[in-house]
**Student:** 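Pasting in a structure now, in structure tokens, and then I'll have a few things to ask.
All values derive from a computational prediction rather than experimental measurement.
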Amino acid sequence: MSSPSHGLDEALDNLAAIAARFFTGEDLDGIQRTDATFLRPGRRIIAKNLDAPVRRSSYRAGWHRLTVRVTALAAAAGAAYGYLHHPDAADAALTYGSPAAMLATVAGGVAYRVKGRERRELLGEWVEPLHQALADPLGISEHTDPASYLHVPLHFGDDDAEIRIDLPLHLKFNRDQVAELVMQKLALQNASFSWRLAGRDPHLIVKKKDRPPTSLGLDDHGVRDLLASVPESAPLIGLGAGKKKVSVDLDHESPHVLISAGTGGGKSTILRTIACQFLHNGAQAHILDFKRISHTWARGIPGVNYCRDIADIHDALIALGAEGHRRIRLAEQLGDDVLASDPDLVGPRNVILLEEINATMAQLRRYWERTRTSDDPKTSPAIDALAEILFMGRQVRLHVLLVAQSATARALGGPEMRENFSTRILVRYTMNAWKMLVPEVTPAPKPTRHPGRVQVVLGGTARETQVLNLSEAEARGWAMAGVPGDGKPLTLSKTSPAPVSAPALEPAPAAPPADEEPPVTGEELIGLRAAQQELPGVSLAGLRWARINDPEFPHIAGQDGQEYLYHRGDLQRWARNRPAAPQS
């Protein structure tokens with residue numbers, strides 16, 4: 001049995017050892033867990049048979065831990081001294097200062113959580129899985145803090161990002177295996193690996209290589225020639241790694257394209273780039289734009305049917321569905337061999353630009369609820385027509401370019417409708433959006449903030465692409481400078497209304513010659529003075545301004561003395577869809 005003096009000596013020895021560790025910045029329990037020294041922070045675990053993860057403080061340099069400890073000790077000592085010598089002041093400080101200190105602590109904690117949210121997501125989504133994959137091949141402890149040797153920047157998907165991985169001194173690992181794991185776990189498509197193995201600081205630097213161009217415009221070298229050389233059915237989307245052309249062939253790969261992006265992701269730019277190439281090659285375009293202002297560049301271009309009002313979008317979809325059925329019957333009569341030699345026999349290519357599908361589908365449902373009768377089906381015939389168009393295939397030459405902020409199955413009318421989009425373009429996506437739209441491509445590449453940078457997914461492969469950015473003037477110029485179509489987009493008939501299930505389609509009327517009075521149909525003709533009484537919110541000055549400046553203003557249909565006359569229905573339709581114009 002040990003004597004009391006021996007126990008006291010042992011306690012004093014332990015206290016002296018703890019004090020020594022306290023002032024040298026070591027762990028107080030005496031276990032050296034990392035290779036940290038007093039002057040240098042640690043990078044790897046050196047302790048054996050650890051049962052728990054190593055705390056972040058064990059990686060800090062000794063002087064850093066000493067500074068924290070001395071500061072805490074000094075604060076405690078100062079508080080105790082103040083309470084002993086000035087108890088009244090200390091009580092007052094506690095009474096009034098405690099609530100303020102609590103509020104400051106809570107506010108600081110909230111700010112820290114908000115500010116560090118992206119960093120925590122990076123650690124949980126990317127760094128920790130990479131550590132789990134590399135721990136065994138590198139021969140390091142699984143309890144190692146991933147952030148101590150995996151230096152992954154927050155936006156490591158950006159072009160100029162640099163990833164650094166500190167390597168163990170023993171270098172007993174397979175470099176090819178490590179490189180492959182890094183590529184897989186960080187979803188890198190093209191990367192260069194620089195191995196720095198000499199000295200006491202071996203590490204690996206990973207950077208992007210053969211990345212897409214930082215920007216891509218019409219005036220860049222070779223772009224005009226490239227645009228002119230792409231097949232009529234395969235518009236250029238942009239350039240990928242090594243400046244390789246990225247396009248999608250709507251006749252052979254994917255008849256429809258889905259674009260998923262958040263606000264400000266450049267959805268309209270992508271649509272503008274693709275649509276103007278089709279118009280350049282003589283195709284027709286139907287722009288269904290519930291936002292009304294997404295594609296002002298296309299107003300007045302021959303072959304473009306621009307629908308802004310939800311009623312017009314509803315009618316246009318039904319009409320296009322009926323046109324698709326007509327083309328299917330015609331294709332069946334002609335046969336595959338005839339169509340293969342001359343696909344134009346079914347009719348000109350029609351491209352349908354459907355903006356903001358989430359809002360548009362909801363508006364179509366509400367519109368049908370307001371207008372349908374008791375004998376009509378509950379489901380909107382426009383939504384049914386869109387579904388039929390998506391299922392019709394390549395032979396009918398009707399192609400849907402659809403934009404969605406959140407392309408859920410419900411937003412598109414069902415999961416089967418979404419599956420008709422073989423090509424999907426994602427930009428500024430979330431991980432949930434990627435898993436929902438392209439779960440076959442894993443892991444999801446890190447989204448980048450680089451302007452115009454997208455992921456084009458086709459056939460289970462994602463290609464990072466710099467989208468061709470055409471300004472509105474450039475897109476309009478390219479659309480009108482190519483092969484002229486007939487200039488008569490398919491529109492709803494204005495003279496003979498058709499049933500809601502299958503409205504008739506006919507060419508839109510062309511402008512009458514200046515020296516020839518056009519024939520007057522059975523629809524009533526009115527002048528601008530009479531029209532202003534029937535069109536809410538439009539003044540006579542506004543009508544006269546639009547007649548001169550708006551290319552979509554109705555054509556003159558007759559004349560009464562010096563006054564020009566217009567079809568009443570044309571003026572009403574224009575008034576619904578008109579852009580903002582100066583008023584008197």
Side-chain angles (χ1 to χ4, degrees), residues 284-290 292-293 295-296 298-320 322-323 350 352 367 371 382 485-500 502-584:
Q284 298 175 351
H286 303 266
I287 301 178
L288 312 183
D289 179 20
F290 180 66
R292 308 178 73 88
I293 57 173
H295 298 281
T296 55
R299 290 176 59 239
I301 294 179
V304 173
N305 177 28
Y306 203 134
C307 300
R308 302 180 184 86
D309 187 80
I310 196 65
D312 288 343
I313 294 175
H314 173 92
D315 294 343
L317 284 172
I318 296 173
L320 287 163
E323 171 66 9
N350 275 256
I352 305 164
Y367 173 78
T371 57
D486 58 17
K488 299 176 181 178
L490 298 173
T491 59
L492 288 172
S493 172
K494 300 175 184 176
T495 57
S496 56
V500 69
L505 288 162
E506 63 177 24
D515 57 351
E516 178 182 342
E517 183 174 326
V520 178
T521 68
E523 186 178 350
E524 183 180 356
L525 303 180
I526 60 174
L528 296 184
R529 291 184 181 276
Q532 71 167 329
Q533 305 297 327
E534 303 182 13
L535 304 179
V538 185
S539 66
L540 179 59
L543 287 169
R544 289 171 174 169
W545 180 91
R547 180 179 64 189
I548 299 172
N549 297 280
D550 188 352
E552 295 184 9
F553 194 79
H555 300 308
I556 299 171
Q559 191 168 353
D560 182 10
Q562 298 297 319
E563 184 178 19
Y564 292 116
L565 303 179
Y566 304 84
H567 290 296
R568 183 190 302 274
D570 289 353
L571 287 172
Q572 291 172 346
R573 182 174 292 103
W574 170 85
R576 284 203 311 267
N577 298 331
R578 73 186 188 280
Q583 304 290 328
S584 62

**Student:** State which residues pass side-chain hydrogen bond (donor to acceptor under 3.5 Å, both in side chains) with Gln572; sequence neighbours excluded, sorted by chain then number.
**Tutor:**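 Not a single residue meets the side-chain hydrogen bond (donor to acceptor under 3.5 Å, both in side chains) criterion with Gln572.
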**Student:** Kindly give the heavy-atom pair with the smallest separation between Ala316 and Leu288, and that separation in Å.
**Tutor:**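 The answer is CB-CD2, 4.0 Å.
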**Student:** Are Gln284 and Val304 side-chain neighbours, meaning at least one heavy-atom pair lies under 4.5 Å?
**Tutor:**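 Heavy-atom side-chain distance check fails, nothing below 4.5 Å.
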**Student:** Locate the shortest heavy-atom distance separating His295 from Tyr306; write the atom from each residue and the value.
**Tutor:**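 Where His295 meets Tyr306 most closely, the heavy atoms are O-CE1, 2.9 Å.
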**Student:** Roughly how far, to the nearest 0.5 Å, is CZ of Arg299 from CZ of Arg308?
**Tutor:**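 These two atoms lie 5.5 Å from each other.
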**Student:** Which heavy atom of Ile526 sits nearest to which heavy atom of Arg568, and what is that distance?
**Tutor:**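 Scanning both residues, the minimum pair turns out to be CG2-NH2, 3.4 Å.
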**Student:** Applying side-chain hydrogen bond (donor to acceptor under 3.5 Å, both in side chains), name anything that partners Thr296, two or more places apart in sequence or on another chain.
**Tutor:**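 Per chain and number, Thr296 pairs via side-chain hydrogen bond (donor to acceptor under 3.5 Å, both in side chains) with Glu472.
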**Student:** Determine whether Leu320 and His286 make a side-chain contact, defined as any pair of heavy atoms from C-beta on separated by less than 4.5 Å.
**Tutor:**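 Yes; the side chains approach each other to less than 4.5 Å.
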**Student:** List the atom of Ala382, the atom of His314, and the distance in Å for their closest heavy-atom pair.
**Tutor:**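 Ala382 and His314 have their closest heavy atoms at CB-ND1, 3.5 Å.
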**Student:** Could you give the distance from CG (Leu571) to CD (Glu534), rounded to the nearest 0.5 Å?
**Tutor:**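 Here the interatomic distance stands at 9.0 Å.
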**Student:** Measure the spacing between CD1 of Ile556 and CG of Leu525 and express it to the nearest 0.5 Å.
**Tutor:**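 Rounded to the nearest 0.5 Å, the CD1-CG separation comes to 11.5 Å.
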**Student:** Are Tyr564 and Leu528 side-chain neighbours, meaning at least one heavy-atom pair lies under 4.5 Å?
**Tutor:**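 When only atoms from C-beta onward are counted, Leu528 and Tyr564 do not touch, as no gap falls below 4.5 Å.
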**Student:** Can you see which heavy atom on Gly527 is nearest to which on Leu565, and at what distance?
**Tutor:**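 Shortest heavy-atom contact: N-CD2, 3.7 Å.
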**Student:** How close do Arg529 and Gln533 get, counting heavy atoms only, and between which atoms?
**Tutor:**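 Here Arg529 and Gln533 meet closest at O-CG, 3.8 Å.
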**Student:** How would you list, by chain and number, every residue that makes a ring-ring contact (aromatic ring centres under 6.0 Å, His included) with Phe553, sequence neighbours excluded?
**Tutor:**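 Partners of Phe553 by the ring-ring contact (aromatic ring centres under 6.0 Å, His included) criterion, ordered by chain and then number, come out as Tyr566, Trp574.
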